[in-house]
Chemist: 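Take this structure first; my questions come after.
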Amino acid sequence: MSHLRLGVNIDHVATVRNARGESYPDPVRAAEAALAAGADGITAHLREDRRHISDADIDALADITRKRGRPLNLEMAVTAEMEAIALAHRPHAACLVPERREEVTTEGGLDVVGGLERIAPLVGRLAAAGIRVSCFIDADLAQVAAAKAAGAAVVEFHTGAYCEAVRHRSPEAARLLEQVKAAAREAQRLGLEVHAGHGIDYETVKPIAAIPEVVELNIGHFLIGEAIFIGLGPAIQRMRALMDDARAAARAA
Ligand code: PXP
């Protein structure tokens, strides 16, 4: 079972900054702190409506991650505007996500099955620029097959439904986790690298980190919330420790 990487999503530092239209708190400073605390990489979503991360943030994040030799994972909608930005920065990775302006957060996975004709050429152009492309999808076998057909190197499974079920103590949680596990097995069988993210907290990180095929988690909102109480560095270190413990326990089982 390989090392499990932690990508820290700093979008919601920018959400707080933008609530006041001020220059602080600075998501770039948060990215520096996250890397210093043991994050393997930084994830940021430049939304079409720029509600949190701005173009200038992406410029600065690309700069500091390059200087530190750490990966930047740019979450982006499947649009010509975002493609041009990705190609201008050539981040280590780009994660294709669905985007609807009225949503509060990314509510479900990208429909790669339905959008294959548009998505496959985009994946090809980004990959040709040296960007590792991931599709953020629901844990659904048809979507996994479509991501493979689109030429993606990576799939990131949307864990939001599972995490929400756990938080609400819903009996659906076990079934939703099994879906993620089955989709992860299928993705690995097809030669795709497997990531997971959305809604993960200290509780849900454990079963997700124990899935042997998963090699990267992208976690944001919970960590930024915890940072209010214990600081960003300690929140990341605690998450990191829980990931490592769950991985070690799964290895020993
Ligand atoms: N992965 C992807 C593709 C996302 O869109 C998000 C949310 O921006 C995350 C991970 C992180 O989710 P959360 O902020 O709920 O931890």
Side-chain angles (χ1 to χ4, degrees), residues 4-16 18 27 30-31 34 39-53 57-58 61 71-79 82 86 91-101 103-112 119 131-139 143 147 152-167 180 183-184 187 192-206 208-209 214-228 232 235-236 238-240 242-243:
L4 181 58
R5 298 189 301 265
L6 172 60
V8 172
N9 180 316
I10 43 72
D11 291 350
H12 296 305
V13 177
T15 304
V16 176
N18 295 0
D40 296 288
I42 298 299
T43 293
H45 185 177
L46 183 67
R47 292 188 79 102
E48 290 185 86
D49 63 8
R50 309 301 198 268
R51 69 175 72 153
H52 38 57
I53 292 295
D57 293 331
I58 294 295
L61 290 168
L72 173 66
N73 175 29
L74 174 69
E75 294 178 1
M76 55 178 274
V78 181
T79 65
M82 290 302 147
H92 168 81
C95 181
L96 304 181
V97 300
E99 217 173 280
R100 285 188 295 121
R101 275 173 199 270
E103 70 190 358
V104 174
T105 182
T106 312
E107 282 165 2
L110 183 67
D111 180 11
V112 188
I119 294 167
I131 303 168
R132 206 165 158 71
V133 184
S134 153
C135 291
F136 187 46
I137 56 173
D138 291 328
Q143 295 295 346
V154 181
V155 282
E156 178 166 327
F157 289 116
H158 194 308
T159 50
Y162 163 67
C163 294
E164 200 181 313
V166 170
R167 265 191 292 283
V180 177
L192 293 159
E193 185 173 301
V194 181
H195 300 178
H198 212 283
I200 297 174
D201 63 12
Y202 290 151
E203 182 179 9
T204 47
V205 74
K206 295 180 215 165
I208 296 169
V214 175
V215 301
E216 180 175 310
L217 301 182
N218 284 299
I219 309 180
H221 189 247
F222 178 80
L223 287 174
I224 303 307
E226 267 302 278
I228 293 170
L232 186 57
I236 290 170
R238 173 136 189 239
M239 190 62 85
R240 174 82 260 167
L242 291 168
M243 287 164 60

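Counting convention: from 1, in listed order, for ligands and their atoms alike. These values consider heavy atoms only, across backbone and side chains, with no hydrogens, waters or symmetry-generated copies. All values reported here derive from a predicted model rather than from experimental measurement.
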Chemist: At less than 4.0 angstrom from any non-hydrogen atom of I219, what atoms of ligand 1 do you find?
Modeler: 16 (O)

Chemist: Are any of the N/O atoms on H12, whether in the backbone or the side chain, positioned under 3.5 angstrom from an N/O atom of ligand 1?
Modeler: no

Chemist: Might you work through the side chain to side chain contact (heavy atoms under 4.5 Å, CB included) test for F157 and H195, ending with a clear yes or no?
Modeler: CA-CA 6 Å; F157 289 116; H195 300 178; over 6 Å; no

Chemist: Who's closest to atom 6 (C) of ligand 1 heavy-atom-wise, of E216, H52, E75?
Modeler: E75

Chemist: State whether the shortest distance between N or O atoms of G220 and N or O atoms of ligand 1 falls below 3.5 angstrom.
Modeler: yes

Chemist: How close do R5 and M243 get, heavy atom to heavy atom, and via which atoms?
Modeler: O-CE, 3.6 Å

Chemist: For ligand 1, which atoms have a heavy atom of N218 less than 4.0 angstrom away?
Modeler: 10 (C), 11 (C)

Chemist: Is there any N or O on G199 that sits under 3.5 Å from an N or O of ligand 1?
Modeler: yes

Chemist: I'd like to check which ligand 1 atoms, numbered from 1 as shown, lie under 4.0 Å from a non-hydrogen atom of V97.
Modeler: 3 (C)

Chemist: Is there a donor-acceptor pair closer than 3.5 Å between any side-chain N or O of D11 and the backbone N or O of H45?
Modeler: yes

Chemist: Given that the side chain starts at C-beta and the backbone is N, CA, C, O, which of these parts of N9 lies under 4.0 Å from ligand 1, counting heavy atoms, or is it both or neither?
Modeler: side chain

Chemist: If I compare all heavy atoms of A77 with all of E48, which pair ends up nearest, and what's the gap?
Modeler: CB-OE2, 4.0 Å

Chemist: Parallel, tilted or perpendicular: which one describes the rings of H12 and H221, with boundaries at 30° and 60°?
Modeler: perpendicular

Chemist: If I apply the N/O under 3.5 Å rule, does H45 come out as touching ligand 1?
Modeler: no

Chemist: Counting both backbone and side chain atoms, is some N or O of E156 under 3.5 Å from an N or O of ligand 1?
Modeler: yes

Chemist: Judged on heavy-atom distance to atom 12 (O) of ligand 1, which of H198, R47, E99, H221 sits nearest?
Modeler: H198

Chemist: Determine the minimum heavy-atom distance between V13 and I224, stating which atoms define it.
Modeler: CG2-CD1, 3.7 Å

